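Just the heavy atoms: all of them, side chains too, but no hydrogens, waters or symmetry mates, feed the values below. Each chain gets a letter, A, B and so on, in the order the sequences are listed, and its residues count up from 1. Keep in mind that what you see is a predicted model, and the values were worked out from it rather than measured.
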Amino acid sequence: RRGEMARSTQLIHNEVFRAYATYATIVLLKMMLMSLITAYFRITRKAFVNPEDTASFGKGESAKKYLRTDPDVERARRGHLNDLENIVPFFGIGLLYALSGPELSTALLHFRIFTGARILHTFAYLIPLPQPGRGLSWAVGYAVTFSMAYNVLKAAWLL
Amino acid sequence: RRGEMARSTQLIHNEVFRAYATYATIVLLKMMLMSLITAYFRITRKAFVNPEDTASFGKGESAKKYLRTDPDVERARRGHLNDLENIVPFFGIGLLYALSGPELSTALLHFRIFTGARILHTFAYLIPLPQPGRGLSWAVGYAVTFSMAYNVLKAAWLL
Amino acid sequence: RRGEMARSTQLIHNEVFRAYATYATIVLLKMMLMSLITAYFRITRKAFVNPEDTASFGKGESAKKYLRTDPDVERARRGHLNDLENIVPFFGIGLLYALSGPELSTALLHFRIFTGARILHTFAYLIPLPQPGRGLSWAVGYAVTFSMAYNVLKAAWLL
């Protein structure tokens, strides 16, 4: 039993897997950061969606006026949803790609470009930068995930 | 071939991985439950978003009045989205954490606290409990995921 | 080191894992496709949400009129969110299921039915098909994920 445990935990000693674990954790933390940014805008803009969240501002009409949408809050929420739509496929396809035995340098290239693109995307969304800044950063991350998917299917194809 | 297959499927015999598989499955099932709760509220409150979903209520204006938003439906949907935003990072970072060779007792502590916090969060959202009930249960799950991410980066860091 | 690397990357030679990698990649790519469908409807229907996305249509009021919602755009977005809500649990629970040592034929049955159901669900949502077309395709995918979760808990249960 002990031998098996040691063996399976050693996936973390595989260099490609270590690189994947590092970048996957970084982009997942970046995605989690969007919750804090949304909360920051909700509190500073006083724009809430749940009545129980405005109870500390008083009762009745005086609290009700804070149940509203705010452009900055909505923008942060859209950035968060876009992260879910793009970082989830990166996490999933990237894990299978890391296990498909790619060269370390090729794998690092994929992980680094994706991570850089998603960080740029967040800045492009929140500042906001003029288009096609956000569009391009989105497309780069999308293309990297697609390239990894192609490599997974090439290595694993069993339909 | 047979030997390799046996070896790789034995990840499930690693105790930390078994604990992870158990708690990850429980929180993913809990997240899936939100679909049923939303459907329950849509049907009992007669509040739908797709015209084809109201066709059984008749044609034209008589069905159109059920294309509306309802506070309970929207609340369940927000709870579901919050699960996606928080359970996805737990699943991803938790998987890497489970493979990074932590002590079983430390790992169990992380998994149990996160799972408890997310179940509390759902109750706090749906009842709803007065704040800071929901906020605190969210923050506890967030902190647990952050702690696991720190351990993954410490074990795997390869930039 | 080299021996360990070889060993861990060989997970991709496990037939159940290869089948999982294939179908998981296909459904994640299908989910990513929803971004392109939403973008297609946004551009052809001229219905945007970010002011910077309409800048190429002119300044001021002439561009502002394109900041609006469109039924086709919203329908594609709901399909995308439904994918996130259902394909994320399939990816997570399916991964643990693939590692729990199921029979290849049973595993293939789960993966194939889920993948088929989600492709049908997308057509049912976008065409749209009359109910219960979309509802049934959703329920089939949900039931498959539930069946895999049961098998994971049976194999891994360590609370």
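With a 4.5 Å cut-off on non-hydrogen atoms, B/Y97 does not touch chain A at all. Contact annotation for B/L95: only side-chain heavy atoms (C-beta onward) come within less than 4.5 Å of a heavy atom of chain A. There is no contact between A/I87 and chain B, counting heavy-atom distances below 4.5 Å. Looking at A/F17, the atoms closer than 4.5 Å to chain B (heavy atoms on both sides) all sit in the side chain, from C-beta outward. For chain B, the nearby parts of A/A21 are the backbone and the side chain; heavy atoms of each come within less than 4.5 Å.
Chain A forms the most heavy-atom pairs under 4.5 Å with one residue out of B/P71, B/P128, B/P132, and that residue is B/P128. Highest contact tally toward chain B, considering only A/D83, A/L28, A/D53, A/I26, is held by A/D53 [criterion: heavy-atom pairs under 4.5 Å].
Atom CZ of A/F57 sits in a crowded spot, with more than 12 heavy atoms from other residues, nucleotides or ligands closer than 6.0 Å.
Contact annotation: the side chain of B/R75 approaches that of A/P51 to within less than 4.5 Å [non-hydrogen atoms, C-beta and beyond]. Using a 4.5 Å cut-off on side-chain heavy atoms (C-beta onward), A/M31 and B/P89 make contact. The side-chain heavy atoms of B/L129 and A/E52, taken from C-beta on, include no pair separated by under 4.5 Å. Put simply, the side chain of B/R78 reaches to within 4.5 Å of the side chain of A/N50, judged on heavy atoms. Contact check for B/W157 versus A/T25: no side-chain heavy atoms found under the 4.5 Å cut-off. Using a 4.5 Å heavy-atom threshold, the side chains of B/F146 and A/L29 count as touching. You'll find the side chain of A/R77 reaches within 4.5 Å of the side chain of B/L81, heavy atoms only.
Among the candidates B/N86, B/I93, B/V88, the single residue satisfying the side chain to side chain contact (heavy atoms under 4.5 Å, CB included) test with A/M32 is B/I93.
Atoms CD and OG, on B/E85 and A/S35 in that order, are 5.0 Å from each other to the nearest 0.5 Å. Within the model, atoms CG of B/L159 and OG1 of A/T22 stand 6.5 Å from one another, a figure rounded to the nearest 0.5 Å. Taking CG from A/L84 and CG from B/L84, the interatomic distance works out to 6.0 Å, rounded to the nearest 0.5 Å.
Minimum interatomic distance between A/F91 and B/G92 (heavy atoms only, all atoms of both residues): CZ-CA, 3.2 Å.
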Q.
Please evaluate residues B/L96 and A/Y20 with respect to the criterion side chain to side chain contact (heavy atoms under 4.5 Å, CB included), reporting the C-alpha separation (whole Å), side-chain torsions for both, the decisive distance (0.1 Å), and the verdict.
A. CA-CA 9 Å; B/L96 302 170; A/Y20 167 73; 3.9 Å; yes
